[in-house]
Amino acid sequence: MSRIISALALLLALAACGGGYNSPPRDLDNACSIVTERPKYLRAFQDTERRWGVPIHVQMATIHQESRFIGNARTPQKYTLGVIPMGRVSSAYGYGQALDGTWEDYKKDTGRRRARRDKIEDATDFMGWYMMRSFQRNGIPLTDARNQYLAYHEGHAGYARGTFSRKTWLLNVANKVEARSNAYQVQLSNCRKLR
């Protein structure tokens, strides 16, 4: 009987370790390091680039900004009186920090009913879908990491109204996303993994 219990305990321990990637890759400043350490990420980025046309470096820079490549990332808790938890700041979750309503729209529109925000393949596909819609609705090129990020953050209607123009902090973040996207692009062009 103790053998069975020991075997079950070992199996549970292995299952807990073998799930998705909830911890980030070691070197988030190096695109080659990320895709070498996590080949599954590279396949997901490539599939999204083929399906939606969003370059790998744009996807990677956006995910870096949204979750730092943490699969189960959530927004912080809100507190009343500094100690009583009142829920999360928003429903954003996963690699791409997709909101509940937008995620449901994505699943309905693409037929991917079982898609999960904490699964890299689904998160990148969502990002491709969303950015393609930003291109269709607002004319933002898929290669434009800065403006794609602004539309991703503000929503398509908010971007069209220019709500970001009064948010200096957000413009600074979008500039960082663009700079990271450019750095990732250069790194990926020299990456042996992609040759």
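Treat the numbers as computed from the prediction; the structure is a model and nothing was measured.
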Do the non-hydrogen side-chain atoms of [X] and [Y] ever get within less than 4.5 Å of each other?
{"X": "Ile63", "Y": "Ile120", "answer": "yes"}
{"X": "His64", "Y": "Val177", "answer": "no"}
{"X": "Cys32", "Y": "Asn190", "answer": "no"}
{"X": "Glu49", "Y": "Pro55", "answer": "yes"}
{"X": "Asn138", "Y": "His156", "answer": "yes"}
{"X": "Met127", "Y": "Tyr152", "answer": "yes"}
{"X": "Tyr130", "Y": "Gln148", "answer": "no"}
{"X": "Ile56", "Y": "Thr48", "answer": "no"}

- Using ring-ring contact (aromatic ring centres under 6.0 Å, His included) as the criterion, point out the one residue from Trp103, Tyr106, Phe135 that pairs with Trp129.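 When Trp103, Tyr106, Phe135 are each tested with Trp129, the ring-ring contact (aromatic ring centres under 6.0 Å, His included) holds only for Tyr106.
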Where is the tightest heavy-atom contact between [X] and [Y], given as atom of each residue plus distance?
{"X": "Leu171", "Y": "Ser165", "result": "CD1-O, 4.1 Å"}
{"X": "Tyr41", "Y": "Pro25", "result": "CE2-CG, 3.9 Å"}
{"X": "Gln187", "Y": "Asp29", "result": "NE2-O, 2.9 Å"}
{"X": "Asp125", "Y": "Trp52", "result": "OD1-NE1, 2.9 Å"}
{"X": "Gly96", "Y": "Glu66", "result": "O-OE1, 3.7 Å"}
{"X": "Arg117", "Y": "Ala123", "result": "O-CB, 3.9 Å"}

Within this structure, what is the [atom1]-[atom2] distance for the pair [X] and [Y], rounded to the nearest 0.5 Å?
{"X": "Met60", "Y": "Phe69", "atom1": "CE", "atom2": "CZ", "result": "4.5 Å"}
{"X": "Gln65", "Y": "Thr62", "atom1": "CD", "atom2": "OG1", "result": "8.5 Å"}
{"X": "Gln59", "Y": "Met131", "atom1": "CD", "atom2": "CE", "result": "7.5 Å"}
{"X": "Asn30", "Y": "Cys191", "atom1": "CG", "atom2": "SG", "result": "7.5 Å"}
{"X": "Asp100", "Y": "Asp105", "atom1": "CG", "atom2": "CG", "result": "11.0 Å"}
{"X": "Ser33", "Y": "Arg38", "atom1": "OG", "atom2": "CZ", "result": "10.0 Å"}

- Message: According to a hydrophobic-cluster definition based on side-chain heavy atoms being under 4.5 Å apart (Ile, Leu, Val, Met, Phe, Trp, Tyr only), do Tyr149 and Phe126 belong together?
- Response: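 Different hydrophobic clusters.
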- Answer with yes or no whether the hydrophobic clustering places Leu142 together with Ile140; edges join I, L, V, M, F, W, Y residues whose side-chain heavy atoms lie under 4.5 Å apart.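 No, it is not one cluster - the side chains of Leu142 and Ile140 are not joined through contacts under 4.5 Å.
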- Would you mind listing the cluster partners of Leu99? Hydrophobic ones only (ILVMFWY), side-chain contacts under 4.5 Å, chaining allowed.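 Other cluster members: none.
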- Message: Any donor-acceptor pair under 3.5 Å linking the side-chain atoms of Tyr95 with those of Asn72?
- Response: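 Side-chain D/A pair, Asn72 to Tyr95: absent.
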- Between Glu154 and Thr163, is any side-chain donor less than 3.5 angstrom from a side-chain acceptor?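 Result is yes, a qualifying pair exists.
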- Go through the steps to decide whether Leu150 and Leu170 satisfy the test side chain to side chain contact (heavy atoms under 4.5 Å, CB included), and finish with yes or no. CA-CA 8 Å; Leu150 289 170; Leu170 179 58; 3.8 Å; yes
- Item | Within 6.0 angstrom of Arg114 CZ, more than 12 heavy atoms from elsewhere |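 Incorrect, the count does not exceed 12.
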- Does CZ in Phe164 sit with more than 12 non-hydrogen atoms of other residues, nucleotides or ligands closer than 6.0 Å?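 Yes, CZ of Phe164 has more than 12 neighbouring heavy atoms, counting only those of other groups under 6.0 Å.
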- Query: Does Asp122 come within less than 4.0 Å of Arg112, counting only side-chain N to carboxylate O?
  - Reply: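 Yes.
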- Task: Could you tell me whether Asp47 and Arg50 make a salt bridge, using a distance below 4.0 angstrom between a side-chain N and a carboxylate O?
- Result: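 Yes, charged N to carboxylate O under 4.0 Å.
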- Check against ring-ring contact (aromatic ring centres under 6.0 Å, His included), Phe45 and His57: CA-CA 9 Å; Phe45 296 138; His57 56 93; over 10 Å; no
- With sequence neighbours excluded, what pairs up with Lys107 under the salt bridge (charged side-chain N to carboxylate O under 4.0 Å, His left out) test?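 Salt bridge (charged side-chain N to carboxylate O under 4.0 Å, His left out) list for Lys107, sorted by chain: Glu104.
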- Query: Can you pull the salt bridge (Lys or Arg N to Asp or Glu O under 4.0 Å) pairs that have at least one residue in residues 131-148, sequence neighbours excluded?
  - Reply: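 Not a single pair qualifies under salt bridge (Lys or Arg N to Asp or Glu O under 4.0 Å).
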